[in-house]
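This is a predicted model, so every value here is computed, not measured. Proteins get letters first, then strands, A, B, ... in listed order; numbering begins at 1 in each.
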Protein chains: 2
Amino acid sequence: MSHAPSPALNARHQAVRRTLASRGLDALIVTSLPNILYLTNFSGSAAIVVLTADRLYFLTDFRYLTVLHEAQGTASACPGLELITVEGSYDATLAGVLARQPWGRIGFEAAHLTVDRYHWLTATIDADGPAGAELIATERCVERARVRKDSYEIATLREAARRLSAVAAAAPGEVRRGLTERDVALAIDRRVRLAGFERPAFDTIVASGPNAALPHARPGERTITEGDLVVLDFGGVYDSYCVDLTRTVSVGAADTRARDVYAAVREARDQAIAVVAPGRSRFDIDAAARDALGRHGLAEAFGHGTGHGLGIEVHEDPRISRKRPDVDTEDEAVAAGMIFTIEPGAYLPGWGGVRIEDDVLVTETGVEVLTDVTTELVEI
Amino acid sequence: MSHAPSPALNARHQAVRRTLASRGLDALIVTSLPNILYLTNFSGSAAIVVLTADRLYFLTDFRYLTVLHEAQGTASACPGLELITVEGSYDATLAGVLARQPWGRIGFEAAHLTVDRYHWLTATIDADGPAGAELIATERCVERARVRKDSYEIATLREAARRLSAVAAAAPGEVRRGLTERDVALAIDRRVRLAGFERPAFDTIVASGPNAALPHARPGERTITEGDLVVLDFGGVYDSYCVDLTRTVSVGAADTRARDVYAAVREARDQAIAVVAPGRSRFDIDAAARDALGRHGLAEAFGHGTGHGLGIEVHEDPRISRKRPDVDTEDEAVAAGMIFTIEPGAYLPGWGGVRIEDDVLVTETGVEVLTDVTTELVEI
């Protein structure tokens with residue numbers, strides 16, 4: 001379970017209800033588990049929510065009844081929750097709920113419902129009612145609310161970033177000559193858990209020497225060797241919220257090339273953060289990092305976006321990336337309460353790579369860097 | 001990457017191609033990542049496959065090009081692979097591939113494509129072609145092949161089960177009075193990683209005392225206490241394949257009630273395994289466990305199914321469960337090559353619980369228990 005206080009949950013429900021009202025929907029079927037957690041604090045692996053103007057129907061099975069009952073009456077109980085126990089199929093139970101209600105326009109999450117479930121639900125509603133009911137595809141009804149974090153979420157992510165920074169400060173001490181990348185990843189994962197995280201937010205990356213040229217390398221049997229640059233990228237889930245941090249360290253004294261590439265990536269990180277403020281375009285933030293790398297001849301070496309939102313998921317909106325002419329029709333400004341990574345990198349096949357990643361919060365007046373660990377090149 | 005040899009991959013392609021031919025499909029769009037791994041050995045987080053009678057189009061982005069190139073020419077290279085690099089949107093790249101081909105009936109995985117992607121693809125094909133092309137919903141074209149493991153998979157899962165058994169033999173030594181459930185889970189996770197697993201297959205369960213009554217408890221701050229029964233349920237991913245094992249230990253000497261419940265669950269485990277053989281119904285295997293618990297007055301205490309298939313996913317077919325009158329229209333026999341868990345349990349709210357779980361392979365003549373660690377009640 002997450003522990004957002006009941007009034008915060010109520011405010012989230014109201015935000016989504018305003019969207020429902022604006023689209024003339026009588027109800028919204030929520031099947032995305034991160035969206036369900038956002039609306040209810042529930043972090044189990046199976047549930048469906050149906051949100052209406054005054055109720056929140058919560059469908060789950062026996063495995064989770066005890067935790068739900070325990071949450072009732074506490075300060076983080078979900079307001080307006082009406083529990084429905086699923087005994088067989090979730091979708092059959094959902095269809096039964098729908099059949100007993102007079103709802104006409106019933107929204108569903110088109111990005112989180114598969115075609116086979118949709119076909120089954122449509123056929124069942126046509127057969128069993130409610131008469132005249134229609135399933136309406138919706139996009140981002142809940143996600144839109146999630147982009148700007150509320151004060152509970154900001155406090156949680158700030159604390160998570162503080163804890164991950166402590167892991168990051170200790171992580172270079174785990175990089176030792178003769179260990180494999182896998183050994184180092186295991187040691188970092190242990191530190192993540194000891195720091196109070198529920199689990200790593202993703203598979204920890206330890207990419208050494210030439211492997212550092214792969215942005216998504218998996219730690220393997222390669223041995224840490226004198227002269228390596230080593231990318232350490234790790235994250236943690238704290239009270240259901242994800243943070244993410246990367247540092248690149250040098251095994252022994254870095255040579256001129258390594259120092260130059262590192263300095264360029266660090267400059268890109270600094271320049272991008274300097275642009276973050278309410279009202280700035282997410283594309284401009286990306287461009288600040290990309291331009292800095294370009295000035296050092298590394299434009300081609302930076303193949304991914306500059307950052308991604310953090311929250312209940314480790315990759316969520318906003319995406320801090322290049323504007324894609326075919327998809328991104330308008331500039332999108334970042335706003336106070338958004339939390340995302342800034343993580344420029346330079347990857348040179350055969351040679352290696354550098355990435356530096358921090359987590360930032362857009363404040364009313366500018367930016368707060370939530371992670372706090374040196375960006376100097378650490379030589380070990 | 002997984003490392004199935006190229007001839008094994010080819011046999012998997014042919015199995016799916018026979019299904020395509022039987023349904024008159026010119027191509028199948030595969031969007032499920034586990035299915036893509038099964039067909040290609042690729043274990044990255046983003047790809048689309050289009051399988052036809054003689055080709056396998058593989059769409060991925062720059063992050064994975066190096067690992068793909070490295071796999072080419074090795075003994076586990078994917079046969080017939082035609083690489084297409086995605087530079088912007090995956091679905092736009094897919095639509096581009098489709099537009100250049102004369103395919104008419106194009107299957108897609110209805111259980112693994114969301115409604116919004118389906119609507120976008122349909123609209124794009126209608127606009128850009130190919131002329132007369134039609135998207136056809138399919139079910140389990142690849143999953144059907146995955147249910148019976150091939151010799152590479154059996155060898156991998158056997159080795160994984162051997163390694164997990166070693167972790168299980170050591171796990172009771174990590175359960176010590178005064179530690180929290182979370183401490184114990186961390187120690188087990190460390191052993192899982194040191195045993196050579198890529199990662200835990202799911203969040204490790206350490207459920208002590210009354211918490212053991214929750215089949216899906218999360219390890220928390222409760223302290224291990226004299227007289228507890230402690231359920232330890234953990235798994236690992238080895239060369240992309242998942243294994244899963246549970247033991248319940250007693251902290252100090254178990255009382256009569258604990259010994260009785262434990263003995264009943266152990267009997268249920270033994271009885272269920274005794275029924276496993278090619279041609280036996282999966283419902284009969286479940287009934288064997290359920291009947292044993294019923295004879296000890298524990299029928300109501302066993303609320304979940306007896307087992308689930310293991311493979312690229314930690315929960316896959318076959319489901320060893322009760323027959324649901326509304327859904328399961330016919331008996332389904334297990335067959336040689338299937339690998340699944342047998343994991344009966346008894347959960348008594350307020351008191352605690354017991355679960356014992358092993359992984360079994362259906363052989364040509366009966367059953368092989370892949371996990372190997374005592375089922376005696378360990379008192380620590």
Side-chain angles (χ1 to χ4, degrees), chain A residues 1 43-46 61-67 87-89 92 108-120 135 137-140 182-183 185-187 189-190 193-194 196 198-200 202-204 210-211 213-219 237 303-304 315 322 324-327 347 349, chain B residues 1 43-46 61-67 87-89 92 108-120 135 137-139 182-183 185-187 189-190 192-194 196 198-200 202-204 210-211 213-219 237 303-304 315 322 324-327 347 349:
Chain A
M1 307 294 284
S43 61
S45 64
D61 66 74
F62 82 100
R63 293 174 295 172
Y64 300 111
L65 296 182
T66 307
V67 285
E87 303 212 326
S89 145
F108 71 96
E109 298 182 290
H112 306 294
L113 192 73
T114 58
V115 172
D116 61 347
R117 294 178 69 185
Y118 171 71
H119 284 164
W120 187 89
L135 287 179
T138 70
E139 299 286 346
R140 294 174 33 75
R182 199 181 176 90
D183 295 331
L186 182 59
D189 285 352
R190 182 173 164 78
R193 299 293 289 266
L194 289 172
E198 295 160 26
R199 74 184 77 90
F202 52 87
D203 288 353
T204 292
N211 290 347
L214 308 173
H216 287 244
R218 295 197 176 176
V237 183
H304 56 75
H315 291 106
R322 265 183 285 213
R324 294 163 300 175
D326 50 334
V327 180
Y347 311 97
Chain B
M1 307 293 284
S43 60
S45 64
D61 66 73
F62 81 100
R63 294 173 296 172
Y64 300 111
L65 296 182
T66 307
V67 286
E87 304 212 324
S89 144
F108 71 95
E109 297 182 289
H112 306 295
L113 193 73
T114 57
V115 172
D116 62 346
R117 293 178 68 185
Y118 171 71
H119 284 164
W120 187 90
L135 286 180
T138 70
E139 299 287 345
R182 198 182 177 89
D183 295 331
L186 182 59
D189 286 351
R190 182 172 163 79
V192 167
R193 298 293 290 265
L194 289 172
E198 295 161 26
R199 74 184 77 92
F202 51 86
D203 288 352
T204 292
N211 290 347
L214 308 172
H216 286 244
R218 295 198 176 175
V237 182
H304 58 73
H315 292 107
R322 266 183 284 215
R324 294 164 300 176
D326 50 333
V327 180
Y347 311 97

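With sequence neighbours excluded, the residues satisfying side chain to side chain donor-acceptor pair (under 3.5 Å) with A:Arg199 are B:Asp203.
Here CG of B:Leu194 is found 5.0 Å from CG of A:Leu186. Values are rounded to the nearest 0.5 Å. In this structure, CG in B:Asp116 is found 8.0 Å from NE2 in A:His112, a value given to the nearest 0.5 Å. Taking OG of A:Ser43 as the start and CZ of B:Arg218 as the end, the distance is 4.0 Å to the nearest 0.5 Å.
With a threshold of 4.5 angstrom between heavy atoms, B:Tyr64 approaches chain A through side-chain atoms but not through N, CA, C or O. For chain A, the nearby part of B:Glu139 is the side chain; its heavy atoms alone come within less than 4.5 Å.
Ranking B:Leu113, B:Asp61, B:Leu214, B:Val115 against chain A, the residue ahead of the rest is B:Val115, based on heavy-atom pairs under 4.5 Å. Interface remark: of the candidates A:Tyr347, A:Tyr118, A:Phe108, A:Phe62, A:Phe62 forms the most heavy-atom pairs closer than 4.5 Å to chain B.
Looking only at distances, no side-chain donor or acceptor of B:Arg193 sits under 3.5 Å from a matching main-chain atom of A:Arg182. Side-chain N or O atoms of A:Arg190 include none that pairs as donor or acceptor with a backbone N or O of B:Asp189 at under 3.5 Å.
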